[in-house]
Structures are given as C-alpha cells and as structure tokens.
Student: 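Below are the structure tokens for one structure; questions will follow.
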Amino acid sequence: MFVKCLLLFSFLCLHLQFSYGVTDTVVCYYASWAIYRPDKGEFHPESIDPTICTHINYAFLGIYPNGTLQMIDEWGDIEKGNFQEVEALKEINPNLKTIISVGGWNAGNAILSPIAASAEFRANLIASCLEYFETYGFNGLDIDWEYPEAKDKENFITLLREIKEAFQPGGYVLTIAVSAIPIDDAYDIPGMSENVDLINLMTYDFHIAGGGITGQNSPLYWGAADSAWQKEYENVNSTVVNWVNEGADPAKLTIGLAFYGHTFQLTDPAQHDLGSPVSDAGMSGPYTKGYGIMGYNEICELTGDWTRVFDDQQKVPYKYKDDQWIGYDDEESVALKVQYAKDNNLAGLMIWTVDMDDFLGLCGTKDGLLQTIKNNL
Ligand SMILES: *[C@@H]1O[C@H](CO)[C@@H](O)[C@H](O)[C@H]1NC(C)=O
Ligand SMILES: *[C@@H]1O[C@H](CO)[C@@H](O)[C@H](O)[C@H]1NC(C)=O
C-alpha cells in the first residue's frame, strides 16, 4: 500500500512537473515561395529539420470570400511537391504537426473580417480545413490575421471557438499569429488564449528604416534610444509581460524569432551607433528581395567583412559597413531568447521563416539558428 501510494505520488509529481512550464515547442513557419528564390536562396521543404521543428506552419493558403480554402499557388503546392515534401517529414518525426497558415500581411484585414462575421462562411472554412487534413495530411490551422479591428473582436472569438470545437474530435491543432502590441479594442486576449493551442507572438519589425534612425528588429529588452512608449511595447520582454498581464496563458505563448534583419542606409557613415540617422532602408537580400530585409542566410553570405557589435542592453547584434547598417539575430541572441522562453515557462519559440536560416552553413554550422535553439532548449 505504502509503495503504491509512493508510486502514485511520484507519478503525480512527474505529471505536474511535465504539464507546467515545459518549453519544448518550435513552430517553424515555412515560406512556400522559397522554392522560387534564385541561386543559393532556393529552399524546398525536404530541407527542413523536423527533429528540431515541432510544428511546420505552411505559409500561406488563401481563403475564398465564402470561407473555403484556396490554393494560391497550385503549381508549387501540388505539382512541385511542396505539400508532399512537408508531409514526408513525418517519416523522420511522426510527432511533427503540419499546419496550414492563412492570412499574413498581404492578405490584410479585408478577407477574414466578413468570414468571421458569417456563420455560413465560418462553417465553410471549417469544412474546407477538415477536407484538406483528410486529403493532404495536415494537422491543423494557423490564423495569421493582420489585423482584426474593433468590429471583429467578438467574431474572432466565435470563429476560434467554433474551429476549436470542430477540431477537437480529430485532435487537430489551432494556432494564431498575433501583433506583439496587444490591440486592445480588437483582441479579447483571455478569449483567444482559451480557444487556441498556441499564440505565436510576432516579436519583430520593432524598428525599421521608416523610423528615421537605426534600431533593432527584435530586441529582447528596451534600448537607450527608445521612447517611453517603445520601452513598454517594442521588445520581446515587454511583449511577453503585456500578453501575460492581459490574460494569455504563458504555456501557450511562443516568442517570434526573426531569421532575418532590417537594413538601414546611414546618413553619415561615421555615425553608426544605435539611434543614428538614416536616409532610407539599406540593401535588400539577393534571394529574398524584400525591401530593407536580408535573410540570415544572406547576412552570412554577404556581410562577412562588416563590423559586428553586440548590443548588450537589448541583447541583439548589429553590423555596419560604409553607409550600410543591419539589426538582426544570430546564434548569440537566439540562445538568449531561448533562455528567456524557458525562464518564463513559455511554450517555446516561433520562427519566421525557417528557409532563411543558414542552411548552407556559410556562417559556420549548417542551420546555425535552428541548431542553437535545439542546443539551448
Ligand atoms: C466557395 O467559392 C469557391 C470559389 O468560387 C468555390 O469553388 C467553392 O465551391 C465555394 N464553396 C462553397 C462551400 O460553396
Ligand atoms: C520586462 O518588461 C517589464 C514590463 O515592461 C518591465 O517591468 C521589466 O523591467 C522588463 N525587464 C527588463 C530586464 O528590462
């Protein structure tokens, strides 16, 4: 009897320990258009390491105005084998969750708003998801709504609750990606937290060239050049604190890691500290080609001779050469963010996007950022 009690007791302890504060989730967004990047930028899903990523969020699928999922790029998704390659990763890790992501910056507010508002369209979206899971093997849906407005606040929760109920029998996963700054009049944070499996915090793009001065893409803590408002809202730490204070379950939160940096063109090459004046965005990456953006793979390939400074206050590096400046993340800053997630008992990390890691090993270790996450979890 005593032994039995003891066993039961230790089981309970173990159970409690494991259901509280385990930081083990790595949500890897995959940009399905990475197959079209030129030269050394081309990346196919078969190159994702599914022993490190626990979830792959496939960005993006579209949605018709009636709620039904829409393939934006049937050639890439089907003919070129993207869907199939993602699914095949489960042969390496059978526990991998593959997730359809809808929304994103380009989709904007307009598409999701009327769907969330209509019982018929919500039902269409759910039916369409279940059909995709059946046909292609996906395990869930991610809603990346950028961004709901006050009129959408209740509808958003209704949408999430109905999806959650419909997904439960099949064990499907529902995640959302959210603005780092809690949008008070559009986000019912306790309601969101209650109805989803994971809330992916988009804790990046905090400083861009439009701000007129150099600044960090994804600082862990506030910096000296920040305004009072920025200190309270524009870094990873304040984001996590704000979301938890407003009712998010820490065990459902992931910190967003940017596998890219924002570039700046210095007004005066002699002024290259944080907060220095800039005239425009800096160079674009030759593969990702985004305005004022370079992937970590491109940073590794092209900035080997730039001067690197580690900003000890914000816990992220920046680099400069001549009139070019970039704020980004590397192995050192990623390791500190992983530690932060563990210290705060968060679910884990989210990556935007896994196809911009140093997958050719140009900085050193192949998949250096992903490996850093693995080594520090
Ligand atoms: C929604 O619209 C699309 C595109 O017109 C159509 O293919 C699909 O069948 C519609 N879905 C439903 C449930 O009516
Ligand atoms: C983290 O953020 C909270 C809320 O903004 C703040 O009170 C705290 O001082 C921050 N921690 C650090 C180390 O900056």
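Numbering of ligands and ligand atoms starts at 1, following listing order. Start at 1 with the first residue, then count along the sequence.
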Student: What distance separates Gln70 CD from Phe60 CZ, expressed to the nearest 0.5 Å?
Tutor: 14.0 Å
Student: Would you say the side chains of Asn139 and His55 form a donor-acceptor pair under 3.5 Å?
Tutor: no
Student: How far is atom 2 (O) of ligand 1 from its nearest protein heavy atom, and which residue and atom name does that atom have?
Tutor: Asn66 ND2, 2.3 Å
Student: What's the separation between atom OH in Tyr29 and atom CG in Asp355, rounded to the nearest 0.5 Å?
Tutor: 13.0 Å
Student: Considering non-hydrogen atoms of the protein only, which is the closest contact for atom 5 (O) of ligand 2, and what is the distance?
Tutor: Ser238 CB, 3.9 Å
Student: Return yes or no for this condition: an N or O of Thr68 is under 3.5 Å from an N or O of ligand 1.
Tutor: yes
Student: Which residue and atom name correspond to the protein heavy atom nearest atom 7 (O) of ligand 1, and how close is it?
Tutor: Tyr64 CE1, 4.5 Å
Student: Which residue holds the protein heavy atom closest to atom 10 (C) of ligand 2, what is that atom called, and what is the gap in Å?
Tutor: Asn237 ND2, 2.4 Å
Student: Against heavy atoms of Asn124, which atoms of ligand 1 measure under 4.0 Å?
Tutor: 13 (C)
Student: As an exercise, state the distance from CG of Asp249 to CD1 of Ile199, rounded to the nearest 0.5 Å.
Tutor: 8.0 Å
Student: Can you tell me how far OH of Tyr320 sits from CD of Gln271, rounded to the nearest 0.5 angstrom?
Tutor: 12.5 Å
Student: Determine if the distance from atom 14 (O) of ligand 1 to the closest protein heavy atom is below 4.0 Å.
Tutor: yes
Student: May I ask you to list the atoms of ligand 2 that are less than 4.0 angstrom from any heavy atom of Tyr221?
Tutor: 12 (C), 13 (C), 14 (O)
Student: Taking atom CZ of Phe138 and atom SG of Cys129, what is their separation to the nearest 0.5 Å?
Tutor: 10.5 Å
Student: To check your reading of the model: name the closest protein heavy atom to atom 4 (C) of ligand 2, its residue, and the distance in Å.
Tutor: Val241 CG1, 3.7 Å
Student: Within this structure, what is the CG-CG distance for the pair Leu369 and Asn297, rounded to the nearest 0.5 Å?
Tutor: 10.0 Å
